[in-house]
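First up is the structure itself, then whatever we jot down about it.
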Amino acid sequence: MRRCLIFLLALASLPLHAAQLTLELGSTRKQWDSEALLTHPQARDIRIDQDVSYKKTMDYRAVPLAALLEGITPDDHLQAVALDGFAAEMPAGPLLKSGPARAWIAVEDPAKPWPPLGQDKPGAGPFYLVWTNPKAGNISPEQWPYQVATIRRLEPVATRFPALLPAKDASATVTRGFELFQKNCLACHRLNGAGDAQFGPDLNRPYNPTEYFRPEFLKRYIRNPQSLRQWPQARMPEFTAEVLPDADLDALLAYLGHMARHKR
């Protein structure tokens, strides 16, 4: 018994392991551990008002994401992959800007873990992509991936997944809806089996939500998912009119309705 107690005390005195963030930026691959990022020359203490995931003001130690994106240009396309399969598709341009909206990698200190996101839910660590002044950049909730494990440079979505493309004769509204789908939906959902997300259901197979939701209820569901379906482990955020104006929501639904007629 005494030997077990001594062993447990010795184990408790060991430093906690630093997490690893992997960057796959084309021909280069680099790993940053949390200790190195916490002491990075550009690391800062930042405050996020109304954090998207925690729904309150949060303080973080963070590094400007642009400082880690060596060799990336504004025309590149990046994907942030989380531990649970969430895969946020993001053009590099906004991520490289120093303002007014600015992207940061918040780094969880292993000795001071962040709180859970809710009952029976994990925290947002070890790495969380957050934004200061997000309204200035029209940043979507889906552009705040947490539990980030990998950030990688990839070909644009339209190149990688032609099954997502609307028909060539699609209207400008449908084309705009496709852009909004990439920004707001593709992180969690696939469509026609296309996409990298491992989290949410496919939005066209076997049925498209426009086929079983009345339009007014589908809009309500996107605006506030919990107003129609409540469950403790829900992850879909609210898309308020501030984040997704009515005209954009109409364009998104136009794209979904269009794709319901183009199942592949």
Side-chain angles (χ1 to χ4, degrees), residues 14-44 46 52-53 60-98 101-111 113-114 122-132 137 139-164 182-183 185-190 193-200:
L14 292 175
L16 296 174
H17 291 292
Q20 298 283 337
L21 174 66
T22 300
L23 300 177
E24 298 175 356
L25 307 179
S27 60
T28 64
R29 185 178 190 273
K30 185 171 184 178
Q31 285 190 315
W32 288 89
D33 63 37
S34 52
E35 182 179 355
L37 288 174
L38 288 167
T39 57
H40 190 281
Q42 295 192 46
R44 300 287 184 272
I46 64 172
V52 164
S53 300
Y60 298 108
R61 185 71 174 171
V63 178
L65 181 55
L68 308 179
L69 300 180
E70 297 179 9
I72 295 298
T73 70
D75 293 331
D76 286 326
H77 183 85
L78 298 176
Q79 183 189 71
V81 183
L83 295 173
D84 62 2
F86 184 94
E89 302 281 350
M90 298 178 290
L95 302 173
L96 295 174
K97 292 181 178 179
S98 59
R102 192 175 195 184
W104 302 75
I105 284 292
V107 186
E108 183 178 36
D109 187 338
W114 298 333
F127 306 106
Y128 177 21
L129 200 164
V130 302
W131 296 80
T132 47
I139 303 303
S140 163
E142 302 302 290
Q143 293 174 286
W144 295 67
Y146 57 78
Q147 291 190 323
V148 176
T150 304
I151 297 175
R152 54 190 181 183
R153 184 175 69 182
L154 297 172
E155 291 295 318
V157 168
T159 302
R160 285 159 39 222
F161 303 116
L164 297 176
Q182 296 176 63
K183 179 179 180 181
C185 309
L186 198 55
C188 290
H189 299 280
R190 297 186 180 206
D196 285 327
Q198 304 292 328
F199 189 75

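These figures come from a predicted structure and were not determined experimentally.
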**Request:** Could you check if a side-chain atom of Ile151 sits within less than 4.5 angstrom of a side-chain atom of Leu68, using non-hydrogen atoms only?
**Result:** no

**Request:** Go through the structure and list residues passing salt bridge (Lys or Arg N to Asp or Glu O under 4.0 Å) with Asp109, not counting sequence neighbours.
**Result:** none

**Asked** If we only count heavy atoms from C-beta on, is the Leu37 to Leu21 side-chain gap below 4.5 Å?
**Response** yes

**Request:** Would you check if Tyr146 and Leu129 make a side-chain contact, meaning some heavy-atom pair closer than 4.5 Å?
**Result:** no

**Prompt:** For the atom pair CG (Leu65) and CG (Leu78), what is the distance rounded to the nearest 0.5 Å?
**Reply:** 7.5 Å

**Item:** Test side-chain contact (heavy atoms from CB on, under 4.5 Å) applied to Thr22 - qualifying residues, sequence neighbours left out
**Value:** Glu24, Arg29, Gln31, Thr150

**Prompt:** Does any N or O in the side chain of Gln147 come within less than 3.5 Å of the main-chain N or O of Leu83, such that one atom is a donor and the other an acceptor?
**Reply:** no

**Request:** Not counting sequence neighbours, which residues clear ring-ring contact (aromatic ring centres under 6.0 Å, His included) with His40? List them please.
**Result:** Trp32

**Asked** Among pairs that include at least one residue of residues 61-75, which meet salt bridge (charged side-chain N to carboxylate O under 4.0 Å, His left out), considering only residues two or more places apart or in two chains?
**Response** Asp45-Arg61

Per-pair distances, 0.1 Å, donor-acceptor, side chain in residues 86-97, under 3.5 Å, sequence neighbours excluded:
unit_1 : atom_1 : unit_2 : atom_2 : d
Glu89  : OE1    : His77  : NE2    : 2.6
Glu89  : OE1    : Arg160 : NH1    : 3.2
Glu89  : OE2    : Gln79  : NE2    : 2.8
Glu89  : OE2    : Arg160 : NH2    : 2.8

**Message:** Going by side-chain hydrogen bond (donor to acceptor under 3.5 Å, both in side chains), name the residues that satisfy it together with Ser98, two or more places apart in sequence or in a different chain.
**Reply:** none

**Item:** pair Lys183-Glu142: side-chain heavy atoms closer than 4.5 Å
**Value:** no

**Fill in**
So salt bridge (charged side-chain N to carboxylate O under 4.0 Å, His left out) across residues 148-157, not counting sequence neighbours, yields Asp76-Arg153

**Which atom of Ser34 lies closest to which atom of Pro110, heavy atoms considered** = OG-CG, 3.8 Å

**Item:** Counterpart residues, ring-ring contact (aromatic ring centres under 6.0 Å, His included), relative to Phe161 (two or more places apart)
**Value:** none

**Prompt:** Who are the side-chain contact (heavy atoms from CB on, under 4.5 Å) partners of Ala62, not counting sequence neighbours?
**Reply:** Ile46, Trp104, Ala106

**Residues forming a ring-ring contact (aromatic ring centres under 6.0 Å, His included) with Tyr128, sequence neighbours excluded** = Tyr60

**Item:** Sequence-distant partners of Arg102, salt bridge (Lys or Arg N to Asp or Glu O under 4.0 Å), two or more places apart
**Value:** none

**Message:** side-chain contact (heavy atoms from CB on, under 4.5 Å), that's the test. Do Trp144 and Ile139 meet it? Break it down for me.
**Reply:** CA-CA 8 Å; Trp144 295 67; Ile139 303 303; 3.7 Å; yes

**Prompt:** Does any non-hydrogen side-chain atom of Leu164 lie less than 4.5 Å from one of Leu186?
**Reply:** yes

